[in-house]
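Note that this is a predicted model, so its numbers are computed, not measured.
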Amino acid sequence: MVQLPSSSRFESVLEKALCLVPLTREDIVFLLALDDPDRIARLFETARKLRAGFFADKIFAYGFVYFSTYCRNNCRFCSSRVSNRDKARYRKTREEIREAAVELAESGVHLIDLTMGEDPLYFGRGGGFESLIDLTEEIKEETGLPVMISPGVVPDYTLGGLARAGVDWYACYQETHNRRLFEEMRPGQNYEERMNRKFLARKLGLLVEEGIMTGVGETLEDIADSMAAMRLLGAHQVRVMSFNPQEGTPMAGRRSPLRLRELLIIAVMRLVFPDRLIPASLDIDGRGYLKERLDAGANVITSLIPPALGFAGVSQALLDINEGNRTPGGIRPILNAAGLHLAGADEYKNWVREERTKLRPKDLCTEARL
Ligand code: MD0
Ligand code: SF4
């Protein structure tokens with residue numbers, strides 16, 4: 001076979017992506033390995049073209065409510081890990097959670113993401129999942145917005161209860177699809193169980209978000225494999241977050257990777273999943289690099305947090321929150337500088353409705369019950 005000079009390989013992979021031809025594992029690794037600034041700029045430009053083709057200049061914004069920082073797990077990268085005895089934790093009351101959600105809704109976010117560690121209060125014997133289900137129902141009603149739940153690996157029947165309560169999204173990140181690395185990062189947790197919960201969520205008619213962390217020892221091939229796993233799952237939202245070292249964890253001394261790595265992954269994700277949602281998270285650098293993440297092809301800004309209510313991020317507990325920078329008002333100038341705009345509430349609701357209908361075509365729908 002004639003080996004094409006790599007410039008034409010580069011052109012042909014971009015061309016393939018623009019024609020919506022699926023990229024191979026080799027194509028993905030090839031793009032992730034780019035180091036020539038001109039080519040990287042071309043890759044980002046292609047990602048933006050694809051985003052514009054499916055979403056025009058409209059960006060979605062997600063409010064983040066991290067309502068309990070207690071967790072029974074011991075993930076090596078996370079300051080909420082159970083062995084981190086020095087961590088000052090909180091568990092918000094129903095009223096406090098409601099207040100944060102309402103404030104976020106009024107500020108103009110498109111979705112409320114209710115997130116917790118695997119809090120023993122909910123996961124323990126006698127389980128408090130009923131109250132979690134009630135709470136999501138109440139928040140959905142009160143805000144009138146779609147709701148995402150990121151509660152960890154909850155039991156099957158709880159996921160069923162959440163689906164019946166009207167939750168729209170289940171978010172649960174594997175972080176890596178390399179099993180050896182998974183076991184290192186999430187000791188004592190079961191890879192299959194975590195993956196299977198996401199397949200179940202889809203069956204229950206929920207949209208699913210899958211995510212990876214970069215800078216934790218993964219190879220470019222691992223990243224390509226994660227994209228394959230995301231495709232197999234049929235994830236509706238796919239994300240990458242750069243590792244940030246956190247105090248009180250075994251990884252506290254490790255460095256955060258150069259942001260270029262995350263930006264390349266965002267752009268390649270856009271080429272691989274042109275019509276899916278791809279976050280630019282405010283939880284890694286606050287507003288820092290937000291424009292770059294958008295320029296690489298992201299179309300959702302996540303981790304907007306109301307100032308002054310005492311809610312934290314998961315990766316950056318405090319950065320930019322009380323300054324009011326993690327709000328629609330705080331991000332607007334950056335959006336505008338990137339030539340983008342926040343979508344209207346109905347535009348997001350319609351997207352969610354259409355995607356959920358695809359999961360459950362009306363005539364075929366046999367309510368999955370749990
Ligand atoms: C974020 N801090 O979007 C949030 C979090 C959980 N569903 C999301 C990682 O960055
Ligand atoms: Fe718990 Fe999630 Fe942190 Fe792991 S990443 S320790 S499951 S809060």
Side-chain angles (χ1 to χ4, degrees), residues 10 13-14 16-18 22-37 39-51 54-55 59 62 77 171-178 181-182 185 208-233 235-245 254-285 288-303 314-316 338:
F10 175 66
V13 175
L14 295 192
K16 217 165 139 178
L18 283 170
L23 301 190
T24 63
R25 186 174 191 260
E26 289 68 34
D27 294 337
I28 292 173
V29 171
F30 170 73
L31 291 177
L32 290 172
L34 290 179
D35 59 2
D36 171 60
R39 285 191 174 186
I40 292 173
R42 289 279 317 284
L43 169 66
F44 291 173
E45 190 192 333
T46 307
R48 291 195 296 275
K49 272 191 201 156
L50 283 162
R51 179 185 62 200
F54 285 96
F55 298 97
I59 298 293
Y62 288 4
F77 55 88
C172 180
Y173 315 140
Q174 210 74 8
E175 317 300 355
T176 174
H177 298 79
N178 170 327
L181 195 53
F182 178 93
M185 290 173 66
V208 173
E209 183 184 18
E210 173 62 299
I212 57 172
M213 193 171 273
T214 187
V216 290
E218 78 287 359
T219 62
L220 300 186
E221 286 75 13
D222 288 337
I223 299 170
D225 291 342
S226 283
M227 292 191 201
M230 288 166 169
R231 196 201 294 277
L232 194 68
L233 172 64
H236 302 85
Q237 181 164 300
V238 289
R239 79 156 61 202
V240 52
M241 289 178 72
S242 294
F243 161 76
N244 259 338
R254 300 255 298 246
R255 288 236 205 112
S256 191
L258 293 179
R259 289 299 174 264
L260 179 60
R261 169 61 42 228
E262 182 189 319
L263 299 176
L264 283 166
I265 300 173
I266 290 178
V268 176
M269 278 180 170
R270 175 59 66 206
L271 269 56
V272 175
F273 304 105
D275 65 344
R276 305 291 83 186
L277 306 185
I278 302 177
S281 174
L282 296 170
D283 214 5
I284 306 159
D285 303 299
Y289 292 95
L290 174 57
K291 170 133 187 331
E292 287 76 2
R293 291 182 170 101
L294 293 168
D295 284 344
N299 72 326
V300 186
I301 301 177
T302 65
S303 219
V314 296
S315 174
Q316 286 284 3

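Here the CZ atom belonging to R42 is positioned 11.0 Å from the CG atom belonging to D36, to the nearest 0.5 angstrom. Between the CZ atom of R51 and the OG1 atom of T46 there is a distance of 12.5 Å, given to the nearest 0.5 Å. Here E175 contributes atom CD and M185 contributes atom CE; the two are 5.0 Å apart, rounded to the nearest 0.5 Å. Summarising the geometry, atom CG belonging to L23 is positioned 10.0 Å from atom CZ belonging to F273; distances are rounded to the nearest 0.5 Å. Atom CD1 of I266 and atom CD of E292 lie 10.5 Å apart (nearest 0.5 Å). Atoms CG and CG, from L50 and N299 in turn, are 11.5 Å apart once rounded to the nearest 0.5 Å.
For the side-chain contact (heavy atoms from CB on, under 4.5 Å) with R261, the qualifying choice from L264, L258, L263 is L264, the only one to do so. Between I223 and the choices I212, I28, N178, V268, the side-chain contact (heavy atoms from CB on, under 4.5 Å) rule is met once, by I212.
Here the closest heavy-atom approach between residue L34 and residue I40 is recorded as O-CD1, 3.7 Å. Across S303 and S281, no two heavy atoms sit closer than the pair CB-OG, 4.1 Å. Annotation for A280 and R293: closest pair CB-CB, 3.6 Å, computed over non-hydrogen atoms.
Residues E262 and S242 bring a donor and an acceptor atom of their side chains to less than 3.5 Å of each other.
Remark: the backbone N or O of F243 is paired with a side-chain donor or acceptor of S256 at under 3.5 angstrom. The main-chain N or O of F54 is never found under 3.5 Å from a side-chain atom of D275 such that the two would form a donor-acceptor pair. Here the side chain of D283 pairs a donor or acceptor atom with the backbone of S315 at under 3.5 angstrom. At least one donor-acceptor pair closer than 3.5 Å links the side chain of E218 to the backbone N or O of V216. Between the side chain of Q237 and the backbone N or O of L277 there is no donor-acceptor pair closer than 3.5 Å.
For R239, the salt bridge (charged side-chain N to carboxylate O under 4.0 Å, His left out) partners two or more places apart in sequence, or in a different chain, are E209. Annotation: salt bridge (charged side-chain N to carboxylate O under 4.0 Å, His left out) contacts of R276 (sequence neighbours excluded): E355. With sequence neighbours excluded, the residues satisfying side chain to side chain donor-acceptor pair (under 3.5 Å) with D225 are R25. Listed by chain and number, the residues in a side-chain contact (heavy atoms from CB on, under 4.5 Å) with D295 are R48, K291, A338 (sequence neighbours excluded). Under the side-chain contact (heavy atoms from CB on, under 4.5 Å) criterion, A235 pairs with E210, L233, V238, sequence neighbours left out. Applying the side-chain contact (heavy atoms from CB on, under 4.5 Å) criterion to V29, with sequence neighbours excluded, gives L220, E221, A224.
Counting non-hydrogen atoms of neighbouring residues, nucleotides and ligands closer than 6.0 angstrom, the CZ atom of F55 exceeds 12 such neighbours. More than 12 heavy atoms of other shown residues, nucleotides or ligands fall within 6.0 angstrom of atom CG in L260.
Between L271 and K16 the shortest side-chain heavy-atom distance does not fall below 4.5 Å. For the pair F182 and H177, the minimum side-chain heavy-atom distance is 4.5 Å or more. By the 4.5 Å heavy-atom criterion applied to side chains, L282 and T302 are not counted as neighbours. The shortest distance between side-chain heavy atoms of I284 and N244 falls below 4.5 Å. Inter-residue side-chain proximity for F30 and V13 is flagged as met; some heavy-atom pair is nearer than 4.5 Å. Annotation: side chain of R259 is in contact with side chain of D285 (closest heavy-atom distance under 4.5 Å).
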